[in-house]
J.: 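Submitted below is the structure of interest, expressed as structure tokens.
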Amino acid sequence: MCGIAGIFHLTVPKPVEPARVRAMADVLAHRGPDGSGVWTAPGVGFGHRRLSIIDLAGGAQPMLTPDGQVAVTYNGEIYNFRDVRAELETLGHVFESHSDTEVILAGWRQWGPGCLSRFHGMFAFALFDAAAQTLFLARDRLGVKPLFYAELSDGSLIFASELKGLLAHPLLRRAPSPQAIEDYLALGYVPDDACAVAGVKKLAAGHCLLIRRGRAMPQPVSWWDVDFRVQAKGSAEQLSHELIGHMREAVRSRMVSDVPLGAFLSGGVDSSAVVAFMAEASRKAVETCSIGFDQADHDETRYAALVAQRFATSHRSRTVASDDFDLIDTLADAFDEPFADASALATYRVCELAREKVTVALSGDGADEAFAGYRRYRLYAAEERVRGLVPEPARHALGRIGDYYPKLDWAPQMFRAKTTLQGIGATSEEAYARAVGIVPPEIRASLYSPAMRSLLQGHRAEDRYVATMRSAPAEDSLSRAQYADLKIWLPGDILTKVDRTSMAVSLEAREPLLDHRLVEFAARVPRNMRLRRGTGKWLMKEALGGILPHDILHRRKMGFVTPISAWFRGPLADRAAELAHAPAFAELGCFDTAAISRIAAEHRSGRSDHGRLLWQLTMLEKSLQRLFAIGVGSSYTASTKYSPSGGALNPRAARSRA
């Protein structure tokens with residue numbers, strides 16, 4: 001795995017300083033500690049940091065074609081590169097290395113942008129074609145690997161694997177985006193169609209961007225999508241057999257490596273299945289690792305040990321304290337943008353543990369989105385049945401009751417009806433958008449200052465889910481929800497979490513259950529074989545019945561649970577109270593401090609559970625400090641002002657120096 005960065009002048013091929021490109025790439029050294037390279041030509045410069053995985057002796061980047069006319073800087077793995085290489089050799093191409101990077105260059109020469117459909121893998125790359133004077137940016141189908149870019153005042157476009165790579169360029173103006181703050185508070189992450197830094201963009205999953213020097217900046221183009229409308233034919237037994245074939249091939253293809261390889265093992269269905277197929281394909285014991293907690297109701301290590309014993313893996317586990325909040329600063333630095341999925345703490349720890357023995361680790365991420373494994377799908381399906389039975393006026397009445405029903409976080413589950421009533425009263429898309437969020441619109445609105453509400457100009461985080469579900473290539477509500485999660489939640493939360501935590505310790509994580517052929521197959525699986533009688537991933541569990549133990553297949557899903565609510569009533573209680581007076585929030589001016597104080601007091605007293613919101617605000621404060629130096633007493637951000645015309649919250653004298 002690697003880190004990439006670069007500069008491209010959009011109109012005139014002005015010289016590019018190698019030192020500037022190197023500075024952008026070197027802040028990504030954690031993504032590639034094994035080597036570095038910089039290449040420049042008139043109007044373009046590429047930087048690269050390498051984590052050596054395949055062809056350790058060769059494959060250095062940036063890489064050029066023998067005639068020097070095409071250059072590439074690339075982050076990722078093309079798992080079928082040997083097959084593509086063989087095809088290209090029959091077409092007359094000659095190769096000098098054994099790397100997949102050279103296959104990208106030859107593929108571009110042969111097929112142009114069409115080469116993307118031939119690549120099976122995870123990748124983000126930039127390619128310069130001197131003859132056409134074009135810059136081509138591309139990102140893999142599901143968004144496993146990230147790519148940020150921005151236009152600068154000097155007429156150039158810059159790009160990098162992480163936001164910190166762009167921030168290393170002195171001309172990037174740093175101003176916080178109010179829309180991104182709204183998105184973050186609603187979802188717990190900044191989605192791919194937004195960025196915490198106003199003006200910065202992320203290339204969306206499954207998209208590419210072809211920029212021709214001297215022409216207007218185009219919009220990214222979608223080169224892949226998943227379609228839920230075509231349903232597979234066949235019995236459950238037949239589809240199970242086909243599913244196992246896809247899973248087996250997905251795992252095998254991701255075991256190609258010239259460095260030590262292992263797997264994360266939580267003891268859940270997904271990671272256990274990956275380990276089972278790895279053990280089947282490996283000639284030696286698979287290296288596995290898991291993280292446990294010192295609280296029994298959060299600990300899954302006994303299940304991981306059961307799977308490790310069954311498949312004779314070389315297993316290691318480590319127990320971490322459930323109050324491992326000393327990682328807050330480490331995570332804030334790794335993610336750049338605010339990120340509030342608290343399971344990132346445990347993910348970081350398991351990546352640390354894996355890196356002690358391996359350089360590549362396979363994970364079980366992706367199956368919940370593809371095969372409807374999340375609990376929220378089951379609850380959403382139940383709400384949908386009620387919406388279909390209750391007349392619209394009655395549904396609206398129930399929704400209004402939900403608006404006034406108290407939020408009884410302290411009460412037994414049967415009395416916590418507020419969100420259910422609100423969901424039944426909403427449209428199908430609106431209900432799911434609220435279900436997948438963290439902080440509902442009415443609570444967010446109560447937190448904002450009048451100036452912040454004005455700057456948002458009606459922007460609401462839930463609208464992207466509503467729009468995506470309504471335009472989804474799907475015929476039923478469950479499929480529409482899954483499609484939206486694959487497009488929004490998966491790249492924004494899950495894959496961002498795995499990429500940043502693994503790359504922070506120079507570990508390559510691979511997700512075989514996100515093989516695009518497996519995801520396409522899952523989309524064709526009939527709805528009642530994805531979710532049946534309240535059981536998510538039904539077909540997957542049926543298919544794995546002869547491979548995994550019953551206790552693994554049918555136990556209650558736990559995931560990486562972090563007790564943040566308890567933290568803010570215990571060791572972080574004082575921190576919760578201080579949030580209302582945080583210098584970063586005071587300078588930014590977007591929050592009602594009295595509202596934050598009230599929320600902190602309600603949480604500490606136990607009247608309400610605002611633990612996740614308090615965690616979000618904590619991580620937002622850290623991000624504001626790191627990205628914009630807001631709240632740290634820096635001289636160039638001694639005050640903050642709003643700029644409605646620019647649509648951003650602008651620190652005075654935002655960083656923009658030659």
Side-chain angles (χ1 to χ4, degrees), residues 1-8 16 18 21-22 24-26 28-29 31-89 91-116 118-140 145 147 159-161 165 208-211 256-259 508:
M1 200 51 56
C2 305
I4 66 174
I7 300 172
F8 179 74
V16 173
V21 179
R22 185 175 300 281
M24 294 173 64
D26 282 352
L28 306 175
R31 299 185 72 94
D34 297 333
S36 64
V38 171
W39 166 84
T40 61
V44 63
F46 285 174
H48 190 265
R49 295 292 315 201
R50 188 184 188 196
L51 178 63
S52 301
I53 303 294
I54 294 174
D55 190 11
L56 305 186
Q61 295 187 50
M63 183 178 286
L64 278 67
T65 52
D67 61 6
Q69 290 296 294
V70 182
V72 69
T73 184
Y74 152 59
N75 167 31
E77 303 289 349
I78 307 297
Y79 300 120
N80 67 330
F81 79 95
R82 290 191 176 97
D83 294 335
V84 179
R85 171 179 170 145
E87 181 181 3
L88 288 164
E89 285 176 330
L91 295 171
H93 293 267
V94 177
F95 293 85
E96 298 179 353
S97 74
H98 299 285
S99 74
D100 53 349
T101 310
E102 193 176 6
V103 171
I104 294 176
L105 289 169
W108 172 264
R109 275 276 173 89
Q110 184 65 40
W111 300 301
C115 66
L116 294 175
R118 286 175 157 82
F119 299 155
H120 299 172
M122 56 177 186
F123 52 82
F125 65 80
L127 184 147
F128 175 70
D129 190 319
Q133 287 293 289
T134 57
L135 175 72
F136 184 64
L137 303 178
R139 191 175 178 200
D140 64 69
K145 293 292 106 185
L147 189 60
F159 63 87
S161 296
C208 60
L209 183 59
L210 181 61
I211 306 163
V256 176
S257 174
D258 294 333
V259 294
E508 176 174 300

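Any value given below was found using the heavy atoms of this structure, including those in side chains, with hydrogens, waters and symmetry copies removed. It should be emphasised that the depicted structure is a prediction, and the values quoted were computed from it without experimental measurement.
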J.: My understanding is that only residues two or more places apart in sequence, or in another chain, count here; which of them pass ring-ring contact (aromatic ring centres under 6.0 Å, His included) with His120?
T.: His516
J.: Under the side-chain contact (heavy atoms from CB on, under 4.5 Å) rule, what do Val256 and Tyr79 come out as? Steps first, then yes or no, please.
T.: CA-CA 7 Å; Val256 176; Tyr79 300 120; 5.9 Å; no
J.: Dump the intermediate steps for side-chain contact (heavy atoms from CB on, under 4.5 Å) on Arg49 and Ser161, then the final yes or no.
T.: CA-CA 10 Å; Arg49 295 292 315 201; Ser161 296; over 6 Å; no
J.: Which atom pair, heavy atoms only, marks the closest approach of Glu102 to Glu96?
T.: OE2-N, 2.8 Å
J.: Heavy atoms only: give me the nearest Val103-Leu88 pair and the separation to one decimal.
T.: O-CD1, 4.0 Å
J.: Set out, in order, the CA-CA distance, both residues' side-chain angles and the distance that settles side-chain contact (heavy atoms from CB on, under 4.5 Å) for Arg82 and His98, then state yes or no.
T.: CA-CA 9 Å; Arg82 290 191 176 97; His98 299 285; over 6 Å; no
J.: If you define the side chain from C-beta out and look only at heavy atoms, does anything of Leu137 sit under 4.5 Å from Phe159?
T.: yes
J.: Can you tell me how far the OG1 atom of Thr101 sits from the CE atom of Met63, to the nearest 0.5 Å?
T.: 5.0 Å
J.: How close do Ser52 and Val259 get, heavy atom to heavy atom, and via which atoms?
T.: O-CG1, 3.5 Å
J.: Applying ring-ring contact (aromatic ring centres under 6.0 Å, His included), can you list everything that pairs with Phe125, at least two apart in sequence or on another chain?
T.: Phe123
J.: Distance-only, no hydrogens or angles: does the Asn75 side chain make a donor-acceptor pair with backbone N or O of Cys2 under 3.5 Å?
T.: yes
J.: Can you measure from CG (Asp140) to CE (Met122) and round to the nearest 0.5 angstrom?
T.: 8.5 Å
J.: Would a 4.5 Å heavy-atom cut-off, applied to side chains only, mark Val16 and Val21 as touching?
T.: yes
J.: Can you list every pair that meets side chain to side chain donor-acceptor pair (under 3.5 Å) and has a residue in residues 35-44, with sequence neighbours left out?
T.: none
J.: For atom NE2 of His93, decide whether the heavy atoms of other residues, nucleotides or ligands shown that lie under 6.0 angstrom number more than 12.
T.: yes
J.: Holding to ring-ring contact (aromatic ring centres under 6.0 Å, His included), I want the full list of residues that pass it with Tyr74, two or more places apart in sequence or in another chain.
T.: none
J.: To the closest 0.5 Å, what do you measure between CG (Leu209) and CG (Leu135)?
T.: 7.5 Å
J.: Closest heavy-atom contact between Cys115 and Gly107?
T.: CB-O, 3.5 Å
J.: Does a side-chain heavy-atom distance below 4.5 Å link Ile211 with Phe128?
T.: no
J.: The test is side-chain contact (heavy atoms from CB on, under 4.5 Å); show your working for Leu127 and Val70 and say whether it passes.
T.: CA-CA 7 Å; Leu127 184 147; Val70 182; 3.6 Å; yes
J.: Looking only at heavy atoms, what is the nearest atom pair of Leu105 and Ala71, with distance?
T.: CD2-C, 4.1 Å
J.: Between Ile4 and Arg31, is there a side-chain heavy-atom distance shorter than 4.5 Å?
T.: no
J.: Which heavy atom of Ala60 sits nearest a heavy atom of Arg50, and at what distance?
T.: N-NH1, 4.1 Å
J.: Can you list every pair that meets side chain to side chain donor-acceptor pair (under 3.5 Å) and has a residue in residues 127-137, with sequence neighbours left out?
T.: Trp108-Asp129, Gln133-Arg213
J.: Is the shortest side-chain N to carboxylate O distance from Arg118 to Glu87 below 4.0 Å?
T.: yes
J.: I want to check something: taking the side chain as every heavy atom from C-beta on, are Glu77 and Ser257 in contact at a cut-off of under 4.5 Å?
T.: no
J.: Can you pull the salt bridge (Lys or Arg N to Asp or Glu O under 4.0 Å) pairs that have at least one residue in residues 59-74, sequence neighbours excluded?
T.: Asp67-Arg109
